[in-house]
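Below is one structure; the comments refer to it alone.
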Amino acid sequence: MEYFLSEQQKTIKSLARRIAEEKILPVRAELDEKEEFPWEIMKVLAHTDMFRIFIPEEYEGLGGGCLDLCLVVEELSRVCSAVAISYAAVALGSFALLQYGTEEQKRKYLPDIASGKRLAAFALTEETAGSDASAIRTTAKKVAGGYLLNGTKRFITNGGEAELYTVIALTAKERGARGASAFLVEKDTPGFSFGRKEKKLGIRASSTRELVFEDCLVPEENMIGKEGTGFIITMKLFDHTRPGIGAQAVGLAQGALEAAVDYARQRVQFGHPIISLQAVQHMLADMAIQVEAARALTYAVARTIDSGAKHFTEESAMAKVFASDIAMKVTTDAMQVFGGVGYMRDYPIEKMFRDAKIIQIYEGTNQVLRNTIALELRKRKGIRE
Ligand SMILES: Cc1cc2nc3c(=O)[nH]c(=O)nc-3n(C[C@H](O)[C@H](O)[C@H](O)COP(=O)(O)OP(=O)(O)OC[C@H]3O[C@@H](n4cnc5c(N)ncnc54)[C@H](O)[C@@H]3O)c2cc1C
């Protein structure tokens with residue numbers, strides 16, 4: 001389908017595809033098997049200026065928008081979803097700083113993120129606070145010279161590998177959701193350490209880890225935005241980053257579709273390639289329809305954001321929910337096309353199937369995001385243009 005990408009966007013997309021095929025494809029199974037963070041690939045992404053894409057030009061970036069980021073994530077995920085999320089999480093970890101940081105904070109940190117010298121991460125989730133983010137317990141107590149952080153974050157993507165963390169903590173416990181603030185915490189800050197590294201079903205090459213804060217003194221100048229705006233920043237952040245998760249799902253589903261078509265062409269049963277069977281053809285056709293629909297929605301939402309629109313909570317949630325449900329369905333059907341060998345680790349479908357599930361869970365579960373969409377629908381009066 002023609003998506004009328006600009007020349008620059010076409011260049012970004014084809015460069016990301018080349019990196020994925022030349023550098024990621026040969027090592028993806030090994031990285032998955034060893035559950036090893038893809039440092040060599042991150043270095044390649046840095047050398048090819050991929051981290052500059054989502055950073056403004058004045059901070060040594062390329063000034064790209066949401067669609068540019070989606071194109072890279074999609075192409076990386078077509079080959080390896082774990083690499084794609086390790087890359088996308090850097091954008092997630094940078095977003096609060098990009099949108100709400102002071103000039104001084106931006107000058108200090110963004111050029112290093114743009115060059116790939118420092119990876120970033122975003123830390124909200126805790127044992128008591130998953131879908132109910134307002135139940136966080138990590139505190140940030142005002143003391144001389146800054147804020148003292150205490151608490152444990154869990155399931156943090158790029159945990160332990162990133163140099164810079166955006167952390168949401170309570171500055172005023174009694175104020176509930178209005179009592180949270182956002183902080184930039186550097187990896188080597190005294191009192192900041194890393195706990196359990198999760199062993200996961202899928203996206204195994206990505207790091208998912210606990211962050212532990214024990215009397216960790218964060219300088220006052222590292223607060224992002226104003227005290228009490230931590231949750232507002234978080235909600236805005238997810239509105240901007242969910243299309244990127246949609247793109248992760250689209251890329252993964254595209255990879256599974258291509259693998260299924262290739263396999264169906266060469267697998268012979270009853271004297272013919274199985275692609276000549278209508279039952280298989282219809283499965284492939286449905287997969288192709290779903291992938292294209294998810295891509296169209298994801299790109300449209302990314303373009304809405306890039307147009308400078310003010311409200312896109314609903315649309316952004318739709319792209320994430322729709323594309324991730326499609327990725328789960330398409331990888332399941334792709335495994336069906338492969339039959340028994342699809343269940344084996346010798347073929348890529350087994351990994352793609354495992355990698356798909358998490359996309360329905362993180363950055364807001366699909367149930368919670370359906371609540372978000374329904375809430376927006378309830379607020380609406382009459383027919384919208
Ligand atoms: C691999 C991985 C990486 C992650 N990366 C990060 C990260 O980088 N940073 C970060 O901060 N977090 C991260 N997370 C956390 C992730 O965002 C949460 O796991 C997710 O939001 C769900 O929270 P939970 O796991 O506590 O599930 P719960 O909130 O306990 O949900 C359990 C079930 O209840 C349902 N449910 C809960 N509330 C409602 C409701 N109101 N209506 C309908 N259904 C509901 C959910 O949909 C789900 O099915 C990561 C998680 C994983 C697994």
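Order of listing sets the numbers, starting from 1, for every ligand and every atom in it. Here, residue 1 is the first one in the sequence, and each next residue gets the next number.
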* Asked: Can an N or O of Q367 be found at a distance shorter than 3.5 Å from an N or O of ligand 1?
  -> yes

* How far apart are the C-alpha atoms of E35 and K199, what are their side-chain angles, what is the distance that settles it, and do they pass the salt bridge (Lys or Arg N to Asp or Glu O under 4.0 Å) test? -> CA-CA 8 Å; E35 308 196 13; K199 293 188 81 66; 3.7 Å; yes

* Any side-chain donor-acceptor pair under 3.5 Å between E127 and T152? -> no

* atom 41 (N) of ligand 1 [closest protein heavy-atom partner, distance rounded to 0.1 Å] -> N371 ND2, 3.5 Å

* Starting from atom 39 (C) of ligand 1, which protein heavy atom do you reach first, and at what distance in Å? -> V368 CG2, 3.7 Å

* Tell me which protein heavy atom sits closest to atom 20 (C) of ligand 1, plus the residue, atom name and distance to 0.1 Å. => I361 O, 3.7 Å

* Does one side chain, of Y299 or Q9, offer a donor that lies under 3.5 Å from an acceptor on the other? -> no

* Any idea which atoms of ligand 1 are less than 4.0 Å away from a heavy-atom of T365? -> 22 (C), 46 (C), 47 (O)

* Will you find, in the side chains of Q360 and D325, an N or O donor that is under 3.5 Å from an N or O acceptor? -> yes

* Structure fact -> Quick note on ligand 1: atoms under 4.0 Å from a heavy atom of I156 include exactly 7 (C), 8 (O), 9 (N), 10 (C), 11 (O)

* Establish, from distance only, whether the side-chain atoms of S316 and D239 form a donor-acceptor pair under 3.5 Å. => no

* Ignoring hydrogens, tell whether any protein atom lies closer than 4.0 Å to atom 35 (C) of ligand 1; use the non-hydrogen atoms only. => no

* **Best match, F155, F122, F238, Y165: closest heavy atom to atom 50 (C) of ligand 1** => F155

* **Identity and distance of the protein heavy atom lying nearest atom 18 (C) of ligand 1** => T125 OG1, 4.3 Å

* Asked: For ligand 1, which atoms, with element, lie under 4.0 Å from some heavy atom of E363?
  -> 17 (O)

* Asked: Please state which protein non-hydrogen atom is closest to atom 53 (C) of ligand 1 and give its distance, to 0.1 Å?
  -> I358 CD1, 3.3 Å

* Can you sort out which atoms of ligand 1 are near K200, meaning under 4.0 Å from one of its heavy atoms? => 1 (C)

* Asked: Just checking, any donor-acceptor pair under 3.5 angstrom between side chains of K142 and T171?
  -> no

* Asked: More than 12 non-hydrogen atoms from neighbouring residues, nucleotides or ligands closer than 6.0 Å to CZ on R107, yes or no?
  -> yes

* Asked: Got a protein heavy atom sitting under 4.0 Å from atom 32 (C) of ligand 1?
  -> no

* Counting only heavy atoms on the protein side, is anything nearer than 4.0 Å to atom 26 (O) of ligand 1? -> yes

* To do: Answer yes or no for atom 7 (C) of ligand 1: protein heavy atom present at a distance under 4.0 Å?
  => yes

* **Option passing side chain to side chain contact (heavy atoms under 4.5 Å, CB included) with L284 (candidates D333, I275, I289)** => I275

* Structure fact -> atom 3 (C) of ligand 1: closest protein heavy atom, distance to 0.1 Å, is T157 OG1, 3.4 Å

* When you check the side-chain N and O atoms of S324 and N366, is any donor under 3.5 Å from an acceptor? -> yes

* **Side chains of S81 and Q248, donor plus acceptor under 3.5 Å** => yes

* Would you indicate which of S131, A88, G130 comes nearest to atom 28 (P) of ligand 1 when only heavy atoms are counted? => S131

* To do: Could you point out which residue of F194, F213, Y109 forms a ring-ring contact (aromatic ring centres under 6.0 Å, His included) with Y165?
  => F194

